[in-house]
Amino acid sequence: SSAAQESKPNIVFILADDMGIGDLGCYGQEKILTPNIDALAESSLMFSHHYSGSTVSAPSRCCLLTGKHTGHSYVRGNKGVKTDNGSFDLHIPEEEVTVAEILKDQGYATACVGKWGLGGPHTSGSPVRQGFDYFYGYLSQGAAHRYYPEYLYENEEKVYLNGEKYSHFMIMEKGLEFISSHA
């Protein structure tokens, strides 16, 4: 019903590589100011017992998206594979169920912006084939080490930047556009 749809909370999950609970002011850190995240945290759900599924990127994301422990998740390391479209990270199999798929089944619009690292375009691991309505960013985590990349991906298509644009501003803008258009 429309009343049930209206009672669902908006969900914005921020995953930051190499950041721990002790790095943010909202969790008590006092040396580096994080006022914007702290302000967001004031009216949000904060996790106090949330741990990374692995010590490295791809398996951590796989654990987060599938809810599986590293011992049961498909992706257990930062392992690359070659596809017809280039070298990407090991892709999540089609039969895996992600939190994005579950949220879509509940009527949510879903997006992922930033670094993916769980499969390339036109594979079962592409974010738009794993429950996300929209993706913008780096499909390959190796490419995410460049702030001024030659290209990023929008869904499964390359958006050429020719090394002239700062990726993080573009990723932020695309995320904010998605949130605004689905508020």
Side-chain angles (χ1 to χ4, degrees), residues 11-24 32 34 36-37 40 47 50-68 70 73-94 96 98-101 103 109-180:
I11 301 169
V12 176
F13 189 94
I14 300 170
L15 173 67
D17 272 4
D18 299 322
M19 181 180 280
I21 195 168
D23 296 334
L24 300 171
I32 300 170
T34 57
N36 294 325
I37 292 174
L40 182 61
F47 296 119
H50 185 265
Y51 299 94
S52 176
S54 180
T55 58
V56 292
S57 301
S60 292
R61 285 180 171 77
C62 186
C63 291
L64 176 68
L65 288 170
T66 64
K68 292 182 177 180
T70 306
S73 66
Y74 184 78
V75 179
R76 296 182 184 183
N78 287 343
K79 182 180 179 184
V81 295
K82 293 192 184 278
T83 71
D84 293 340
N85 297 311
S87 293
F88 293 91
D89 305 289
L90 187 64
H91 54 271
I92 299 175
E94 183 179 343
E96 287 288 354
T98 67
V99 68
E101 292 172 299
L103 289 170
T110 57
C112 176
V113 296
K115 180 171 111 174
W116 179 248
L118 295 171
H122 312 292
T123 70
S124 63
S126 168
V128 296
R129 296 169 190 238
Q130 286 293 335
F132 289 99
D133 296 313
Y134 180 75
F135 174 79
Y136 188 85
Y138 300 95
L139 283 179
S140 167
Q141 53 193 14
H145 297 164
R146 295 170 194 83
Y147 293 132
Y148 292 87
E150 289 300 310
Y151 57 86
L152 292 174
Y153 278 88
E154 187 162 30
N155 298 320
E156 296 186 300
E157 303 302 321
K158 285 182 180 178
V159 176
Y160 287 94
L161 308 173
N162 304 316
E164 298 172 357
K165 296 187 179 179
Y166 183 62
S167 61
H168 291 53
F169 288 151
M170 298 183 70
I171 289 167
M172 178 186 64
E173 288 171 13
K174 293 291 187 173
L176 292 172
E177 285 173 16
F178 186 87
I179 291 169
S180 293

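Ring orientation note: the planes of F135 and W116 are nearly perpendicular, at an angle over 60° on the 30°/60° scale. Aromatic ring orientation, Y136 versus Y134: parallel (interplanar angle below 30°, classes split at 30° and 60°).
The closest donor-acceptor contact from the side chain of S60 to the backbone of S54 lies under 3.5 Å. The main-chain N or O of P93 is found under 3.5 Å from a side-chain atom of Q130 such that the two form a donor-acceptor pair. Under the 3.5 Å distance criterion, the side-chain polar atoms of D133 are matched with a main-chain donor or acceptor of T110.
The shortest distance between side-chain heavy atoms of P121 and F88 falls below 4.5 Å. A heavy-atom distance below 4.5 Å is not found between the side chains of S124 and R129. Annotation: side chain of L64 is in contact with side chain of F13 (closest heavy-atom distance under 4.5 Å). Using a 4.5 Å cut-off on side-chain heavy atoms (C-beta onward), K174 and L152 make no contact. Contact of the E96 side chain with the K68 side chain is registered, since non-hydrogen atoms from C-beta on lie closer than 4.5 Å. Side-chain contact check for I14 versus I37: every heavy-atom pair is 4.5 Å or farther apart.
Between Y166 and F169, the distance separating the two ring centers is shorter than 6.0 angstrom.
Remark: E150 does not engage K158 in a salt bridge, criterion side-chain N to carboxylate O under 4.0 Å.
If you check the side chains of Y74 and T66, you find no donor sitting under 3.5 Å from an acceptor.
Across P59, C63, S57, a single residue satisfies side-chain contact (heavy atoms from CB on, under 4.5 Å) together with R61, and that is S57.
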Using the side-chain contact (heavy atoms from CB on, under 4.5 Å) rule, take Y153 and V128 through it: C-alpha gap first, then chi angles, then the decisive distance, then the call. CA-CA 11 Å; Y153 278 88; V128 296; over 6 Å; no
